[in-house]
Amino acid sequence: VQLQASGGGLVQPGGSLRLSCAASGSVFVFNTMGWYRQAPGKERELVASHSTGGNTNYKDSVKGRFTISRDNAKKTLYLQMNSLKPEDAAVYYCRLIQGGYAYWGQGTLVTVSS
């Protein structure tokens, strides 16, 4: 399984970005995909996750601002990020869990600065 994340960039506080993560290879019908982030000097943390069945989970600090979604036919995960704050700046990674294994994408950098 390969994961290709994209959509990061530089945005001003209050702005929006949409991240995408395209999965390829032997992707099962049932899996859980998620977005994680890691800021300099901090541990990687879960931002949001989305199972094939539609269950979603969000980090408290992004609730109401970020929306995770997925297109199962395209094997693609999205993260719509609105009202971005400087503390949202990090490298964002996508992760896919299936069959007892976890796969990581390469990360996409999100910078929030004026």
Side-chain angles (χ1 to χ4, degrees):
V1 174
Q2 295 79 43
L3 301 173
Q4 183 68 42
S6 61
L10 172 64
V11 64
Q12 293 184 344
S16 299
L17 281 175
R18 188 192 193 206
L19 305 183
S20 299
C21 176
S24 60
S26 299
V27 179
F28 295 173
V29 172
F30 296 102
N31 56 59
T32 296
M33 297 185 74
W35 288 100
Y36 290 70
R37 68 187 182 189
Q38 187 167 20
K42 295 187 177 181
E43 294 186 353
R44 192 172 298 189
E45 60 181 7
L46 174 66
V47 177
S49 64
H50 195 313
S51 69
T52 307
N55 293 322
T56 59
N57 181 47
Y58 292 91
K59 178 179 174 61
D60 285 346
S61 64
V62 308
K63 288 180 180 178
R65 299 188 298 122
F66 291 11
T67 302
I68 190 170
S69 62
R70 58 189 288 169
D71 184 329
N72 292 327
K74 294 183 178 180
K75 301 179 184 178
T76 301
L77 181 73
Y78 304 98
L79 185 69
Q80 178 66 44
M81 305 187 294
N82 299 328
S83 303
L84 281 160
K85 303 176 180 180
E87 52 263 42
D88 295 318
V91 177
Y92 282 70
Y93 299 89
C94 59
R95 185 188 191 202
L96 184 150
I97 302 173
Q98 64 179 29
Y101 291 90
Y103 304 88
W104 290 95
Q106 85 288 3
T108 185
L109 178 63
V110 172
T111 303
V112 184
S113 175
S114 55

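Only heavy atoms go into these numbers, but all of them, side chains included; no hydrogens, no water, no symmetry mates.
Taking OG of S51 as the start and CZ of R70 as the end, the distance is 7.0 Å to the nearest 0.5 Å. Atom CD in Q12 sits 6.5 Å away from atom OG in S114 (nearest 0.5 Å). Here the CG atom belonging to L109 is positioned 9.0 Å from the CG atom belonging to L10, to the nearest 0.5 angstrom. Rounding to the nearest 0.5 angstrom, the gap separating the OH atom in Y103 from the CD atom in Q98 is 5.5 Å. The SG atom of C94 sits 11.0 Å away from atom OH of Y36, with the distance rounded to the nearest 0.5 Å. In this structure, OG in S69 is found 6.5 Å from NE2 in H50, a value given to the nearest 0.5 Å.
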Item checked: side chain to side chain contact (heavy atoms under 4.5 Å, CB included) assessment of V47 paired with L79 -> CA-CA 9 Å; V47 177; L79 185 69; 4.3 Å; yes

Next item on the list: Take T108 and L19 through the test side chain to side chain contact (heavy atoms under 4.5 Å, CB included) and record every step on the way to the result.
Entry: CA-CA 8 Å; T108 185; L19 305 183; 4.0 Å; yes

Notebook entry, point to check: Does the pair N57 and L46 meet the rule for a side chain to side chain contact (heavy atoms under 4.5 Å, CB included), with working shown?
Noted result: CA-CA 9 Å; N57 181 47; L46 174 66; 3.6 Å; yes

Next item on the list: Determine, stepwise, if the pair K59 / E45 fulfils side chain to side chain contact (heavy atoms under 4.5 Å, CB included).
Entry: CA-CA 9 Å; K59 178 179 174 61; E45 60 181 7; 3.2 Å; yes

Next item on the list: Assess whether side-chain hydrogen bond (donor to acceptor under 3.5 Å, both in side chains) is satisfied between D71 and T76, documenting all intermediate values.
Entry: CA-CA 5 Å; D71 184 329; T76 301; over 6 Å; no

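In terms of heavy atoms, A39 sits closest to A89 at CB-O, 3.8 Å. When every heavy atom of Q106 is checked against every heavy atom of A5, the shortest pair comes out as NE2-O, 2.8 Å. Listed here is the closest heavy atom pair of M33 and A23: CE-CB, 4.4 Å.
At least one side-chain heavy atom of L96 sits under 4.5 Å from a side-chain heavy atom of L3. Within the 4.5 Å cutoff, the side chain of I68 has heavy atoms near those of the L77 side chain. Between Y58 and T67 there is a side-chain heavy-atom pair separated by less than 4.5 Å. With a 4.5 Å cut-off on side-chain heavy atoms, R37 and K42 do not count as touching. In this structure, S24 and Q4 have side chains that are not in contact, with every pair of non-hydrogen atoms separated by 4.5 Å or more.
Within 6.0 Å of CD in E87 there are more than 12 heavy atoms belonging to other residues, nucleotides or ligands.
Cluster annotation: V91 is not connected to M81 through the hydrophobic network of ILVMFWY side chains, with a link wherever side-chain heavy atoms come within less than 4.5 Å. Residues Y78 and V27 are members of separate hydrophobic clusters, defined by side-chain heavy-atom contacts under 4.5 angstrom among Ile, Leu, Val, Met, Phe, Trp and Tyr.
Remark: the backbone N or O of S16 is not paired with any side-chain donor or acceptor of Q80 at under 3.5 angstrom. Between the side chain of T52 and the backbone N or O of V29 there is at least one donor-acceptor pair closer than 3.5 Å. Checking side-chain atoms of T32 against main-chain N and O of I97 turns up no donor-acceptor pair under 3.5 Å. The main-chain N or O of W104 is never found under 3.5 Å from a side-chain atom of R95 such that the two would form a donor-acceptor pair.
Salt bridge annotation for K85-D88: absent, with no cationic side-chain nitrogen under 4.0 angstrom from a carboxylate oxygen.
Ring-plane geometry between Y92 and F66 is classed as tilted, the angle between the planes lying from 30 to 60 degrees on a 0 to 90 degree scale.
For the pair R44 and Y93, the distance from NZ or CZ to the six-membered ring centre is under 6.0 Å and the angle to the ring normal is within 45 degrees.
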